[in-house]
Amino acid sequence: LQEYLQCLKFLELWEINLRKGEYGIYKFYVCHAENMLKKILIVIAIMLFSVTGFGEEIDVSQIAVDYPYKDNAIMATVMGTPSSQWYKLKKGKAPKVKKFKAIKKVPEILRPWSDYEYGVWKQKNDAPLMILVSGTGSLYNSGLTMYMANVFYERGYNVLALSSPTTMPYIVSQSKNNYAGYIKDESTHMYNLIATAVSKEKAEGMKVTKTHIGGYSLGGFQSLLIQEMDSEKKKIGIEKSLMLNSPVSILTATQKLDSYLVKNGIYNAESLEKFLDNIFGKLVYDEYLEISDVDFTDIRSAVSKLQLKDSDFEVLTGLLFRFYSANMTFAGEVFSGKNAVGRLSDKKIYKRFDSVTKEFREGLSVSFDEYSKEILFPYLKKNKYPDLTMEHFVKEFDLRNSQEFIDKNNKNIIFITSKDDILTTESDLDYINKTFNNRVIIPYGGHTGILWHQDVVNLMVNKLEEE
């Protein structure tokens with residue numbers, strides 16, 4: 001979503017499909033004086049802590065002063081950061097790819113995702129270990145994760161990068177539920193996978209002095225949960241967590257994303273098709289615009305040529321997250337077979353080369369809110385947790401559910417986010433300000449858009465290394 005490369009893939013997909021002639025669905029947050037003086041001092045203190053929390057004082061107004069999307073959160077979210085403002089790596093390094101085999105029988109149609117891969121960067125000498133958990137829908141080798149991994153590696157860290165539990169490789173090969181996405185179960189299994197991977201790397205010669213964990217978006221949320229588990233199980237030895245643009249409530253965040261589609265008249269596959277046809281129509285019917293005029297390697301230029309508006313970006317943002325809930329729904333239907341909910345079709349058994357066009361189109365109408373409450377919750381209650389209540393289920397998707405751990409370990413939790421994060425409400429921001437002492441709230445940057453900026457990259461590493 002937030003990554004420059006991911007947005008580029010969207011546009012490349014449009015171009016490819018356009019060349020094929022496919023214009024359908026596939027194109028796609030004195031006493032009085034003394035009292036007055038005390039009040040003033042309190043206000044100043046609150047203002048300072050609202051920006052910096054623990055550690056060295058940080059003037060957020062001086063962070064990424066050259067950032068181009070300060071006044072537009074949705075543009076910041078989708079466009080990310082111009083490459084000229086990125087942290088300048090001396091030399092990028094590809095990871096050594098490792099994998100976990102599937103823990104269950106994988107149906108034919110889902111076999112392309114039978115392995116769960118992860119990336120490893122190993123230092124030659126003793127070094128700290130940074131564990132990175134990718135954000136919603138992002139693989140270990142997605143743009144932002146690879147970028148962050150290389151930054152930490154260049155700064156002297158061993159790095160272990162993992163794909164999000166919302167990706168197909170994890171859903172298909174690792175989730176212990178037919179219908180994936182239950183944050184409690186997925187985080188528990190992720191913890192065990194990470195513990196196994198770390199143990200294996202140490203056995204193979206990785207020399208670790210200390211261990212931290214971090215992630216962006218959902219990956220930040222899960223980093224905290226994994227740190228909390230490790231405080232009890234102590235299999236990994238995690239000292240600090242780095243939460244980057246983490247949502248406070250996953251369900252609230254996804255509701256905001258779904259609202260982007262609804263507010264712009266996108267309710268189902270048909271309305272989405274009309275939206276995309278309108279964009280492609282500019283390429284096909286505008287006599288002043290040729291596809292050769294649109295430089296898809298220059299995202300800002302491409303957007304300008306296509307004359308995309310904020311509402312267009314809202315739809316594309318909401319659509320991207322619909323893909324993730326559609327993936328979970330479809331995989332759940334396939335794994336459940338005769339016991340499937342039947343949300344996408346009446347079909348119970350899928351073979352390798354079966355057409356899933358109908359399921360794909362119907363899947364785009366399934367919001368994560370619908371999936372979690374009307375599909376996942378009933379499945380869990382019937383098959384695994386008979387005493388589970390909707391109230392408790394919803395709480396587990398909220399950081400407040402880990403409040404006791406947060407209060408006890410506040411100095412070891414670093415929270416960096418943007419004031420205009422599109423997944424954050426005013427109530428969420430208030431909670432972050434009151435809860436996380438070691439926080440930095442940047443005035444702009446949208447949802448993870450500014451994380452690519454060299455100032456923010458240096459900030460996250462420096463905050464992690466504070467004593």
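Source: prediction; values computed, not measured.
Distance alone, capped at 3.5 Å, is enough to place a donor-acceptor pair between the Tyr191 side chain and the Lys235 backbone. Between the Gln174 side chain and the Tyr116 main chain, no donor and acceptor come within less than 3.5 Å of each other.
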* Asked: Checking side-chain hydrogen bond (donor to acceptor under 3.5 Å, both in side chains) for the pair Asn401/His392: CA distance, chi angles, key distance, verdict?
  -> CA-CA 9 Å; Asn401 197 50; His392 185 69; 5.4 Å; no

* Take Asp398 and Lys395 through the salt bridge (charged side-chain N to carboxylate O under 4.0 Å, His left out) test and state the conclusion after the steps. => CA-CA 5 Å; Asp398 196 301; Lys395 282 183 178 179; over 6 Å; no

* To do: Check step by step if side-chain hydrogen bond (donor to acceptor under 3.5 Å, both in side chains) holds for Glu186 and Ser175.
  => CA-CA 7 Å; Glu186 310 304 0; Ser175 182; 2.9 Å; yes

* Evaluate the criterion side-chain contact (heavy atoms from CB on, under 4.5 Å) for residue pair Asn438 and Lys463; output intermediate values, then yes/no. => CA-CA 9 Å; Asn438 203 356; Lys463 290 293 289 182; 2.8 Å; yes

* Asked: Run the side-chain hydrogen bond (donor to acceptor under 3.5 Å, both in side chains) check on Asn177 and Asp185 step by step: do they pass?
  -> CA-CA 8 Å; Asn177 298 325; Asp185 287 352; 3.0 Å; yes

* Report the C-alpha distance between Ser217 and His447 in whole Å, list the side-chain angles of each, state the deciding distance to 0.1 Å, and finish with yes or no for side-chain hydrogen bond (donor to acceptor under 3.5 Å, both in side chains). => CA-CA 8 Å; Ser217 192; His447 183 65; 2.9 Å; yes

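Applying side chain to side chain contact (heavy atoms under 4.5 Å, CB included) to Leu129 and the options Val159, Thr209, Thr211 leaves one that passes, Thr211.
For Lys122 and Tyr157, the positive end is not near the middle of the six-membered ring at less than 6.0 Å and at most 45° from its axis. Because its NZ or CZ atom is both nearer than 6.0 Å to the ring centre of Tyr385 and within 45° of the ring axis, Lys184 counts as a cation-pi partner of that residue.
Residue pairs satisfying the salt bridge (charged side-chain N to carboxylate O under 4.0 Å, His left out) criterion with at least one member in residues 369-378, sequence neighbours excluded, are listed as follows: Arg343-Glu370, Asp369-Lys373. For the salt bridge (charged side-chain N to carboxylate O under 4.0 Å, His left out) condition, the pairs that include at least one residue of residues 74-100, sequence neighbours left out, are Lys98-Glu201, Lys98-Glu204, Lys99-Asp115. The stretch residues 208-232 participates, sequence neighbours left out, in no salt bridge (charged side-chain N to carboxylate O under 4.0 Å, His left out) pair at all. Within the structure, side-chain hydrogen bond (donor to acceptor under 3.5 Å, both in side chains) contacts touching residues 124-134 (residues at least two apart or in different chains) are Ser134-Thr145.
When ring centroids are compared, Phe100 and Tyr118 come within the 6.0 Å threshold. Ring to ring, Tyr69 and Tyr67 are close: their centroids are under 6.0 angstrom apart. For Tyr87 and Tyr147, the gap between ring centers reaches or exceeds 6.0 Å.
In this view, Thr329 satisfies the side chain to side chain donor-acceptor pair (under 3.5 Å) rule with no residue, not counting sequence neighbours. Applying the side chain to side chain donor-acceptor pair (under 3.5 Å) rule to Ser246 yields no partners; only residues at least two apart in sequence or on another chain are considered.
With hydrogens and angles left out, the side-chain atoms of Glu466 and Asn462 include no donor and acceptor closer than 3.5 Å.
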